[in-house]
Amino acid sequence: MVDRSSLIRQMIERWRDDPGATYQSWFLWDERIKNFRSIRRGIQQVVAEIEAGSFGVAYRGSSLETVVHSIAEQRQIFKGADHAFLWKPKLRIPDIYEHRANQRAFGHLLHNCVCCDTAEDVIAHIRGIDSLKIKGLGPAVANLLYFLHPTLIPPFNTAIVRGYNALTSSKVKLGSWEQFLAMRSGILDLNDEYRDLLSNDLGAIGGLLFDIGSGRYPSPSPSDESSGDWINRLDAVRAEAHQLSKAELARNDDDRTHSEVQAWLRDLGHALGYRIWIAANDRGRIYSGIPLGKNCLEHLPPEIAIAPGADAVRLIDVLWIAADAPRVVAAFEVEHSTSIYSGIVRMLDLALSGADIENVAELFLVAPDTREKDVRAQLARPAFSRIADLKIAYLPYTELASHREQIARFGSGMKAIRAISRPLSTLSRSE
């Protein structure tokens, strides 16, 4: 007889190897790590606006919408994360838009959780907001807290709750902070038991529960201990995983295209005489048989590395740095299919790290031609009002693909790059 713990262990092992499950498609996804800092910064912006009284009385167009939209773009596990925050006027929920005291309490929760670093403190702040019984403000907020404390707070949605109930035979209900905290305790116990297959980051077990709750993986039941039925079902899931759907294949193509465009920009920058920085977490990614970071800087110049916002600057997809000075000439964020918000925040960190905003690097959002509308919509958000002061442009894939070889052969400086890009701000773009 196989005990249930062994069955769960077998399930996790198969889940980790499944290219279509959340472990490989989301948890190990490079962009997931990139987005943590930008989402944290966005949460701090929400707090600042609430404290200043400038947050507004609507979800649409608010800094909170910007942050939650970025979370919702984190592939399948956070799809629909914004539903809980959408203003429902007939029900007046969640009651943090028109009720100033509730809004400030929500801001204090986020601020306190940004500043604290222990589970006890985070839970105390959760219990504090729960005691106020703010209508409609429930455990969906945990998805914000996860990006502040991924080792303390698990992500939360309906599928994760279903998965937890299926795996533990529990009856956790949606909408209650008490129920969420009870589930969190159980998740920590599960994570400790199978830590060697999971992670200190609770996103891993959150992804496992999501895949169980969404029906991708069957949970072992007590009757499975003495039969091979459940293992047979797992084998069927594993075989099915190798038949990746069209959407999954397209997603893999997205990642390859992202690396391809980074390689174009790397090679073009070298041809124009610049030193090249590839995002710290992309340097080892293989494209055309070689790491993207080959022949590029291994360390940022000290003047850049110690500037404010340097942690975010290290994650910008490609930087062109002057050959004879520690100055970023151009920064490129490749936004193939991921959240445009995160790239803009990293650009702002670079631009605002110096005192003279007129002489900041030229900033380029490099994206498919079809994403121009998305790019402009993001830049129109109130949270990005300072973008108008910067030299930022949209560089379409087709323009870069068509002209990069000619620019490499005959170009000099930034003039040719400007010529094929489309300004997104009102600032003059002269050499």
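Asp311 has no carboxylate O lying under 4.0 Å from a charged side-chain N of Arg40, or vice versa, which leaves the two without a salt bridge. By the 4.0 Å N-to-carboxylate-O rule, Glu335 lies too far from Arg371 to be salt-bridged with it. Under a 4.0 Å N-O distance rule, the pair Arg376/Glu372 qualifies as a salt bridge. A salt bridge between Asp196 and Arg9 is present, with a side-chain N of the basic residue lying under 4.0 Å from a carboxylate O of the acidic one.
In this structure, a donor-acceptor pair under 3.5 Å is present between the side chains of Arg100 and Gln103. A donor-acceptor contact closer than 3.5 angstrom is absent between the side chains of Gln45 and Ser63. Checking Asp201 against Tyr146 by side-chain atom types alone, a donor-acceptor pair falls below 3.5 Å. In the model, His258 has a side-chain atom that pairs as donor or acceptor with a side-chain atom of Gln262 under 3.5 Å. Side-chain contact of Arg195 with Asn200: a donor-acceptor pair under 3.5 Å is present, judged by distance alone.
The minimum heavy-atom distance between Ala331 and Leu350, with the atom names listed, is CB-CD2, 3.6 Å. Of all the heavy atoms in Trp15 and Ala204, the pair that sits closest is CH2-O, 3.2 Å. Smallest separation of non-hydrogen atoms from Asp82 and Val68: CA-CG1, 3.3 Å. Taking both residues in full, the closest heavy atoms of Ala105 and Ile134 are given as CB-CD1, 4.2 Å, listed atom of the first, atom of the second, then distance. Closest non-hydrogen pair, Ala279 versus Leu315, comes out as CB-O, 3.6 Å. When all heavy atoms of Ile212 and Met11 are compared, the pair lying nearest together is CD1-CE, 3.7 Å.
Side chains of Asn102 and Tyr97 form no contact here, defined as non-hydrogen atoms less than 4.5 Å apart. Using a 4.5 Å cut-off on side-chain heavy atoms (C-beta onward), Ser214 and Tyr217 make no contact. A 4.5 Å side-chain heavy-atom check between Arg14 and Asp18 finds every atom pair outside the cut-off. By the 4.5 Å heavy-atom criterion applied to side chains, Arg104 and His108 are counted as neighbours. Side-chain contact between Asp130 and Leu181 is absent, with no heavy-atom pair separated by less than 4.5 Å. By the 4.5 Å heavy-atom criterion applied to side chains, Leu152 and Leu145 are not counted as neighbours. Contact annotation: the side chain of Tyr274 approaches that of Met414 to within less than 4.5 Å [non-hydrogen atoms, C-beta and beyond]. Two residues are said to be in side-chain contact when any heavy atoms from C-beta on lie closer than 4.5 Å; Leu64 and Leu144 meet this criterion.
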Start with the C-alpha distance between Val375 and Arg422, add both sets of side-chain angles, then the distance that settles side-chain contact (heavy atoms from CB on, under 4.5 Å), and finish with yes or no. CA-CA 11 Å; Val375 170; Arg422 302 168 190 171; over 6 Å; no
Evaluation steps, side-chain contact (heavy atoms from CB on, under 4.5 Å), between Val366 and Asp317: CA-CA 10 Å; Val366 189; Asp317 286 322; over 6 Å; no
Residues Leu400, Leu265; criterion side-chain contact (heavy atoms from CB on, under 4.5 Å); working and verdict: CA-CA 9 Å; Leu400 182 61; Leu265 293 165; 3.9 Å; yes
Show your working on side-chain contact (heavy atoms from CB on, under 4.5 Å) between Arg184 and Ile123 and close with a plain yes or no. CA-CA 10 Å; Arg184 172 189 173 274; Ile123 292 172; 3.4 Å; yes
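Taken from CG in Leu363 to CG in Leu395, the straight-line distance is 12.5 Å, to the nearest 0.5 Å. In this structure, Gln10 CD and Ile12 CD1 are separated by 11.0 Å, a value rounded to the nearest 0.5 Å. Atom CD1 of residue Ile417 and atom CD of residue Glu399 lie 11.0 Å apart, to the nearest 0.5 angstrom. Here Tyr287 contributes atom OH and Arg285 contributes atom CZ; the two are 12.5 Å apart, rounded to the nearest 0.5 Å. Note that OH of Tyr394 is 13.0 Å distant from CD1 of Ile392, once rounded to the nearest 0.5 Å.
Put simply, the side chain of Trp277 gets close to the backbone of Arg314: a donor and an acceptor are under 3.5 Å apart. No side-chain donor-acceptor contact under 3.5 Å links Arg127 to the backbone of Trp177. No donor-acceptor distance shorter than 3.5 angstrom exists from the side chain of Ser185 to the backbone of Ala182, with no hydrogens or angles considered. Between the Glu51 side chain and the Val47 main chain, no donor and acceptor come within less than 3.5 Å of each other. With Asn157 contributing its side chain and Ile77 its backbone, the two residues share a donor-acceptor pair below 3.5 Å. Between the side chain of Ser219 and the backbone N or O of Ala166 there is at least one donor-acceptor pair closer than 3.5 Å. A side-chain donor-acceptor contact under 3.5 Å links Lys88 to the backbone of Leu86. Of the possible donor and acceptor atoms, none in the side chain of Asn143 sits under 3.5 Å from a partner among the backbone N and O of Ala81. In this structure, Arg266 contributes its side chain and Leu292 its backbone to a donor-acceptor pair below 3.5 Å. The main-chain N or O of Ala416 is never found under 3.5 Å from a side-chain atom of His403 such that the two would form a donor-acceptor pair.
Taking the centre of each ring, Phe210 and Tyr23 stay at or above the 6.0 Å mark. Checked against a 6.0 Å centroid threshold, the rings of Phe106 and Phe55 do not count as neighbours.
When each of Leu174, Val161, Val172 is paired with Gln179, the side-chain contact (heavy atoms from CB on, under 4.5 Å) condition holds for Val172 and for no other. Screening Asp192, Thr168, Ile205 against Ile187 for a side-chain contact (heavy atoms from CB on, under 4.5 Å) leaves a single residue, Ile205.
Using cut-offs of 30° and 60° for the angle between ring planes, the Phe156 and Phe180 rings count as perpendicular.
By the 6.0 Å and 45° rule, Arg32 stacks over the aromatic ring of Trp26.
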